[in-house]
Structures are given as C-alpha cells and as structure tokens.
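Below: one structure, written as structure tokens.
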Amino acid sequence: MTYKQIKLAIQAVLQNHAMIKKVVFNTPNEWIFREENPEFPLCCFSMNAGVLEPGYKTFDLQIWFLDRAGVDGEFEVDVVSDQLEIANDIAGLLKQSWVNDWLIEGDFIFEVLLEKFEDFLAGVKISATLKTVNN
C-alpha cells in the first residue's frame with residue numbers, strides 16, 4: 001500500500017466512529033493554531049516516520065483523541081475515560097488484518113494527555129507500528 005492509501009484507509013476508519021466529530025491528518029500542535037472554531041471530540045493522526053525494509057514498509061502511527069475538559073479541568077477524568085474507550089474501539093478495528101491490508105505489529109501503547117494543549121483539552125494518544133507489503 002502507498003502512504004496515501006494507508007492515510008485514506010485510516011481516515012475512513014476514524015470517520016466512521018460515531019463518537020468522533022472531526023478527523024484531522026496532522027498532529028494536534030500543528031492543527032490547534034489553524035482552526036478558529038474546532039469541533040469536538042476530535043481525532044488527529046499522523047504517520048511521520050517509519051522504516052523501509054525489503055518487501056515491507058512500516059509506519060509509526062500516532063492517533064490523538066481529544067475533547068474539552070472544562071475551564072478548570074473539572075471534566076478531565078470523564079474526558080480521558082471516554083477518549084480511552086474510543087481509542088480502544090479504533091485500536092480493535094485497526095488490528096483486524098483480515099479486513100485491512102496491513103498488520104499492526106505489537107500492541108497499541110497509550111498515553112493520557114492532561115493540560116498539554118490549549119483550549120482546556122484532555123484525552124489520549126495511542127501509537128503503534130503499522131506494517132504493509134511494499135509493492
């Protein structure tokens with residue numbers, strides 16, 4: 001699969017989740033300064049690194065699930081809980097190698113995000129290595 005094909009396939013998986021309002025192919029730091037009135041919950045993803053090996057390409061996939069946590073962070077625990085469940089759903093869908101033309105090597109690793117971005121956002125970042133056949 002090409003970089004573009006993988007991007008479009010992952011974007012389709014993310015956009016089909018009922019709890020995600022907007023999907024952005026960019027890191028949150030890049031995106032956050034471009035949107036004036038963003039929709040939440042939001043999902044950002046990137047594939048900015050990888051490895052080329054004989055017969056295969058691997059991509060370092062990172063996906064952020066973010067939502068507003070209140071001005072004083074009063075909803076941080078609830079937001080993180082909800083975003084982690086969404087991330088778990090997406091990880092399960094992306095691991096289905098019989099549906100997708102790739103393999104997720106190893107497990108998804110997650111990181112809780114608190115007070116990391118502007119606009120009082122909280123959420124979860126997941127990352128994994130996606131491997132595909134190099135045509």
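For reference, positions follow the sequence shown, starting with 1.
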Rounded distance [0.5 Å steps], CG in D89 versus CD1 in I20: 8.5 Å
N16 (side chain) donor-acceptor with A12 (main chain) under 3.5 angstrom: yes
Nearest-0.5 Å distance, CG of residue L121 to CG of residue L113: 9.5 Å
Single-linkage hydrophobic cluster, 4.5 Å side-chain cutoff, I126 and L114 together: yes
Enclosure of F110 CZ (heavy-atom neighbours >12, cutoff 6.0 Å): no
Cut-off 3.5 Å, no hydrogens considered: what does the side-chain donor-acceptor table look like for residues 38-56, sequence neighbours left out?
none

Linked, directly or transitively: I86 and V77 (ILVMFWY side chains, under 4.5 Å): no
Shared hydrophobic cluster for L84 and I109 (ILVMFWY, side-chain gaps under 4.5 Å): no
Beyond-backbone contact of F120 with R68, side-chain heavy atoms, under 4.5 angstrom: no
All side-chain hydrogen bond (donor to acceptor under 3.5 Å, both in side chains) counterparts of K7, not counting sequence neighbours: Q11
Whichever hydrophobic residues join L8 through chains of side-chain contacts under 4.5 Å: none
Gap between atom CD of Q96 and atom CH2 of W102 - 0.5 Å precision: 10.5 Å
Check: F108 and I90 side chains under 4.5 Å, non-hydrogen atoms: no
Spacing of Q62 atom CD and T27 atom OG1 [to the nearest 0.5 Å]: 8.5 Å
Partner residues of K131 under the side-chain hydrogen bond (donor to acceptor under 3.5 Å, both in side chains) criterion, sequence neighbours left out: E105
Single-linkage hydrophobic cluster, 4.5 Å side-chain cutoff, V23 and M19 together: yes
Side chain proximity check, I6 to L61, heavy atoms < 4.5 angstrom: no
Between CZ on residue F65 and CD on residue E85, distance to nearest 0.5 Å: 11.5 Å
Criterion side-chain contact (heavy atoms from CB on, under 4.5 Å) on D60 and T129, from CA distance to verdict: CA-CA 5 Å; D60 293 332; T129 300; 3.8 Å; yes
Q83 versus L66, closest heavy-atom pair with distance: OE1-N, 3.7 Å
T132 side chain to D101 backbone, donor-acceptor under 3.5 Å: yes
side-chain hydrogen bond (donor to acceptor under 3.5 Å, both in side chains) partners of Q5, counting only residues at least two apart: T2
V79: hydrophobic cluster co-members (side-chain, 4.5 Å): F75
Approximate separation, where rounding is to 0.5 Å, of L93 CG and L14 CG: 9.0 Å
